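Structure record follows, encoded as structure tokens.
Order of listing sets the numbers, starting from 1, for every ligand and every atom in it. This structure is a prediction, so every number in the text was calculated from the model and none was measured.
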Amino acid sequence: MGFSKDFIWGAASAAYQIEGAYKEDGKGLNIWDVYSRVPGHVHYTETGDVACDHYHRYKEDIKLFKELGLKYYRFSISWARVLPEGVGRVNEKGLEFYSNLVDELLAAGIEPLITLYHWDLPYELYRKGGWMNDESPLWFEEYTKVVIDALSDRVKYWMTINEPQCIIGCGYWGGHHAPFLQLPNKDLVLMSHNILLAHGRAVRCIRKYAKEKPIVGFTPTGPVYVPENDSKEAIDEAREKSMSMKNSLFFSSTWWSDPVFFGKYPEEAYEIFGEDMINPSKEDMEIISEPLDFYGVNIYYSEKIRYPHTYATNEYIGIPKTAMDWVVSEDVMYWAAKFWYERYKKPVFITENGMADNDWVNRNGKVCDPNREDYIARYVKRLMDAADEGVPVMGYMYWSVMDNYEWAYGYDKRFGLIYVNYITQERTIKESGYWYKKLIESNGEILN
Ligand code: PNW
């Protein structure tokens with residue numbers, strides 16, 4: 001059976017991670033621009049000031065995307081490039097960049113998919129309290145409208161918010177992403193609710209104003225546990241753990257996805273947060289649960305074997321890991337697709353999956369990365385298994401299209417299908433990139 005004929009094959013990126021040009025053509029600053037430069041926050045205090053200089057090199061980059069055989073390309077928009085203060089004044093130059101990018105992609109036969117928010121909150125809005133401010137959902141709606149007016153005549157696929165888990169979990173709880181804070185649950189609950197409202201308002205805005213009939217989703221992540229064996233008990237246990245907030249709180253899937261798809265917070269949230277939990281109005285929950293077209297999800301590894309050292313047995317010693325120290329655990333693709341479809345009944349769209357490695361350009365000018373090819377093959381094959389069993393799988397986006405700024409790790413981790421020399425800005429398509437092209441051409445059949 002395999003994947004459907006219209007399977008969405010592509011690769012992804014995010015604005016702050018590749019664009020650079022951080023204060024050019026009227027762009028306002030965002031929280032990454034401001035807080036990445038504070039010593040102690042990011043590996044070697046690296047910033048996205050230049051990154052892959054994609055802002056200036058997008059035409060050359062799109063030629064390479066075409067060489068990779070990409071049919072779709074997922075990218076995010078920098079809010080502060082479009083609205084330097086976050087609200088109010090529109091920066092036409094910034095909008096023009098995205099409009100040109102979309103035109104260039106379409107001319108190359110690549111369909112754009114847009115993420116509205118990939119973590120780069122405008123600094124001016126942060127100064128007004130950011131997601132703590134109850135106006136923040138309205139700010140996001142205003143921004144969405146500007147983007148929709150400018151691009152929805154040519155763009156059909158929209159994703160509101162990337163990984164709300166990381167926005168709160170990494171940015172305001174663990175404190176290892178901008179703005180590098182560690183706040184109490186009461187604040188985190190409030191901000192979560194505002195982010196969800198922002199998502200819902202954006203969905204409504206997209207549906208109301210898009211010029212082309214839009215296909216809309218969001219792209220959460222979250223722990224997925226793989227069953228220990230094939231028994232019903234093991235599967236039930238894995239499902240239950242994957243759906244639970246207990247170990248992961250703000251990183252959990254259900255904290256974010258239940259409100260979106262069921263219009264209510266998980267019962268567990270009331271037990272766990274106690275008096276820090278909010279009592280949302282019916283109207284708020286209606287906004288949050290505005291219907292979506294797909295369940296987008298970013299998947300990298302199985303939670304079960306993420307921490308091998310915590311296991312009593314020697315089963316996981318020496319287990320394959322990527323340069324992020326993330327275990328290679330492809331069964332997670334199969335179980336995530338099964339579990340999320342079963343719970344939320346929406347087509348599953350893998351909006352990110354990929355691996356970091358310590359790649360370099362060899363003496364012959366090639367980047368040989370057989371492990372990446374193997375990683376993709378393993379993960380996509382297990383996704384195909386889920387599709388074979390009837391799970392509607394909409395697409396697969398490799399993360400990422402090119403090496404880029406890996407947040408708090410700076411430029412140390414290379415996820416790309418295209419290698420980037422950050423000194424010369426020279427690009428080299430990796431061997432895995434040429435192989436990915438064949439995978440796309442065969443619609444996944446080369447794995448059979
Ligand atoms: C994603 N996890 O974040 C982000 O969307 C990308 O911007 C980022 O570059 C990429 O993954 C690689 O890190 C995640 O622990 C971070 O499961 C962590 C997890 C998942 C996604």
- Item | ligand 1 versus Glu163: contacting region, heavy-atom distance under 4.0 Å | side chain

- Query: What is the ring orientation for Phe261 with Tyr295, classed by angle as parallel under 30°, tilted 30 to 60°, or perpendicular over 60°?
  - Reply: tilted

- Under 4.0 Å between a Lys/Arg side-chain N and an Asp/Glu carboxylate O for Lys413 and Glu406? no

- Is a salt bridge present between Lys241 and Glu237, judged by a nitrogen-to-oxygen distance below 4.0 Å? yes

- Message: Using a plain distance cutoff, I'd like to know if Asn404 has any nitrogen or oxygen under 3.5 Å from a nitrogen or oxygen of ligand 1.
- Response: no

- Numbered atoms and elements of ligand 1 in range of Thr221, under 4.0 angstrom, heavy atoms: 20 (C)

- Nearest candidate to atom 10 (C) of ligand 1, where distance is taken over non-hydrogen atoms, out of Tyr405, Tyr409, Tyr300: Tyr300

- Those atoms of ligand 1 less than 4.0 Å from some heavy atom in Tyr301: 2 (N), 15 (O), 17 (O)

- Message: For Gln17, state whether at least one heavy atom is located under 4.0 Å from any atom of ligand 1.
- Response: yes

- Message: Name the residue from Asp61, Asp403, Leu68 that meets the side-chain contact (heavy atoms from CB on, under 4.5 Å) definition with Ile418.
- Response: Leu68

- Message: Is it the case that the side chain of Lys156 and the backbone of Ile215 share a donor-acceptor pair, with hydrogens and angles ignored and the cut-off at 3.5 Å?
- Response: no

- Could you tell me whether Lys246 and Glu268 have a side-chain N and a carboxylate O separated by less than 4.0 Å? yes

- Query: What do you reckon, does Trp326 have a nitrogen or oxygen under 3.5 Å from a nitrogen or oxygen of ligand 1?
  - Reply: no

- At a 4.0 Å threshold, what atoms of ligand 1 neighbour a non-hydrogen atom of His118? 4 (C), 5 (O), 6 (C), 7 (O)

- Message: Between ligand 1 and Phe415, can you find any atom pair, the residue atom being a heavy atom, that is separated by under 4.0 Å?
- Response: yes

- Task: Any chance you could measure Arg207, atom CZ, to Leu292, atom CG, to the nearest 0.5 Å?
- Result: 6.5 Å

